[in-house]
Amino acid sequence: QEHLVESGGGSVQAGGSLRLSCAASSNIVGFYCMGWFRQAPGKEREGVATIRPGGGSTYLTDSVKGRFTISRDNTKKMLYLQMNSLKPEDTAMYYCAADGVGGSCSPLRDDEFDFWGQGTQVAVSS
């Protein structure tokens with residue numbers, strides 16, 4: 001069982017930046033595709049960004065391209081999401097997830113991610 005713990009959320013004004021972190025419990029996470037997903041009140045969960053185990057390939061949903069960057073440090077068992085130029089529509093609970101089976105590593109396939117953190121809240125005011 002993989003445990004994931006997110007941190008770094010908070011309240012920020014539009015145009016500001018936040019860096020989310022996700023700490024994994026075991027080294028085996030280095031072999032998994034990992035991703036960030038978010039869910040706003042009253043909306044379905046959506047994929048934000050994913051990254052393959054080696055970190056060489058990343059996938060971002062269109063609405064965050066050019067503003068968000070996903071990265072990982074397997075030696076530290078950490079996943080990151082750097083969020084710049086934040087907008088009010090980025091307000092949501094952000095979740096870290098890991099795919100322990102080996103799926104497509106697509107942000108569109110949250111069903112392929114079997115380990116999830118508890119989430120960290122991001123609020124962006126205008």
Side-chain angles (χ1 to χ4, degrees):
Q1 184 73 18
E2 188 68 49
H3 294 285
L4 304 172
V5 179
E6 303 94 336
S7 61
S11 298
V12 64
Q13 289 191 329
S17 298
L18 285 172
R19 189 194 194 203
L20 304 185
S21 298
C22 173
S25 60
S26 74
N27 290 319
I28 198 171
V29 75
F31 297 97
Y32 297 167
C33 167
M34 297 192 73
W36 290 98
F37 296 80
R38 66 186 180 187
Q39 188 166 21
K43 295 187 177 181
E44 292 188 355
R45 184 171 61 195
E46 67 167 340
V48 176
T50 54
I51 184 168
R52 290 198 176 273
S57 295
T58 63
Y59 309 92
L60 288 88
T61 194
D62 286 346
S63 63
V64 307
K65 286 180 180 177
R67 301 189 297 123
F68 290 11
T69 302
I70 186 171
S71 62
R72 66 192 296 166
D73 186 336
N74 291 337
T75 63
K76 297 181 179 178
K77 300 178 289 183
M78 294 293 295
L79 177 72
Y80 305 102
L81 185 68
Q82 178 66 44
M83 306 187 295
N84 298 328
S85 302
L86 282 161
K87 303 176 180 180
E89 50 264 43
D90 295 317
T91 295
M93 184 72 79
Y94 282 71
Y95 298 92
C96 167
D99 170 11
V101 178
S104 65
C105 203
S106 167
L108 301 177
R109 294 298 306 273
D110 62 349
D111 60 304
E112 293 181 344
F113 289 78
D114 39 10
F115 301 114
W116 292 84
Q118 294 299 307
T120 185
Q121 181 69 45
V122 171
V124 184
S125 58
S126 57

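Please read these numbers as outputs of a predicted model, since none were measured by experiment. Only this structure's heavy atoms are used, side chains among them; waters, hydrogens and symmetry mates stay out.
By the 4.0 Å N-to-carboxylate-O rule, Lys87 lies too far from Asp90 to be salt-bridged with it. Between Asp99 and Arg109 there is no salt bridge, since no side-chain nitrogen of the basic residue lies less than 4.0 Å from a carboxylate oxygen of the acidic one.
Put simply, NZ on Lys76 and CG on Asn27 are 14.0 Å apart, with the number rounded to the nearest 0.5 Å. Distance check, rounded to the nearest 0.5 Å: OG of Ser106 to CG of Asp111 gives 9.5 Å. Between atom CD of residue Glu112 and atom SG of residue Cys33 there is a gap of 8.5 Å, rounded to the nearest 0.5 Å. Here the straight-line distance linking atom OG1 of Thr58 with atom CE of Met34 works out to 14.5 Å at 0.5 Å rounding. A distance of 11.5 Å separates OH of Tyr80 from CD1 of Ile51, quoted to the nearest 0.5 Å. For the atom pair CD (Glu6) and CG (Leu4), the distance works out to 7.0 Å, reported to the nearest 0.5 Å.
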*CA sep, side-chain torsions, deciding dist, call: Phe68, Asn84, side chain to side chain contact (heavy atoms under 4.5 Å, CB included)*: CA-CA 6 Å; Phe68 290 11; Asn84 298 328; 6.0 Å; no
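Between Arg72 and Val29, the closest heavy-atom pair is NH2-O, 2.9 Å. Across all non-hydrogen atoms, the minimal contact from Pro88 to Ser125 is CG-C, 4.5 Å. The heavy-atom pair separating Ala49 from Leu60 by the smallest distance is CB-CG, 4.0 Å.
The one candidate from Leu81, Thr91, Val64, Leu20 that meets the side-chain contact (heavy atoms from CB on, under 4.5 Å) condition with Arg38 is Val64. Of the residues listed (Met83, Gln82, Arg67), the one engaging Ser17 in a side-chain contact (heavy atoms from CB on, under 4.5 Å) is Gln82, and it is the only one.
A donor-acceptor pair under 3.5 Å links the side-chain atoms of Ser25 to the main chain of His3, judged by distance alone. In this structure a side-chain-to-backbone donor-acceptor pair under 3.5 Å is present from Gln121 to Ala92.
Side-chain polar atoms of Glu2 and Ser26 form a donor-acceptor pair below 3.5 angstrom. Counted by atom type alone, Tyr59 and Arg52 present one or more donor-acceptor pairs between their side chains at under 3.5 Å.
A heavy-atom distance below 4.5 Å is found between the side chains of Val122 and Leu18. Counting heavy atoms from C-beta on, the side chains of Ser21 and Met78 come closer than 4.5 Å. Using a 4.5 Å heavy-atom threshold, the side chains of Val5 and Gln118 count as separate. Taking 4.5 Å as the limit, some side-chain heavy atom of Cys22 sits within range of a side-chain heavy atom of Trp36.
Legend: residues meeting ring-ring contact (aromatic ring centres under 6.0 Å, His included) with Phe37, ordered by chain and number and at least two apart, are Phe113, Trp116.
With a 6.0 Å radius and a threshold of 12 heavy atoms from other residues, nucleotides or ligands, Glu89 has its CD atom above the threshold.
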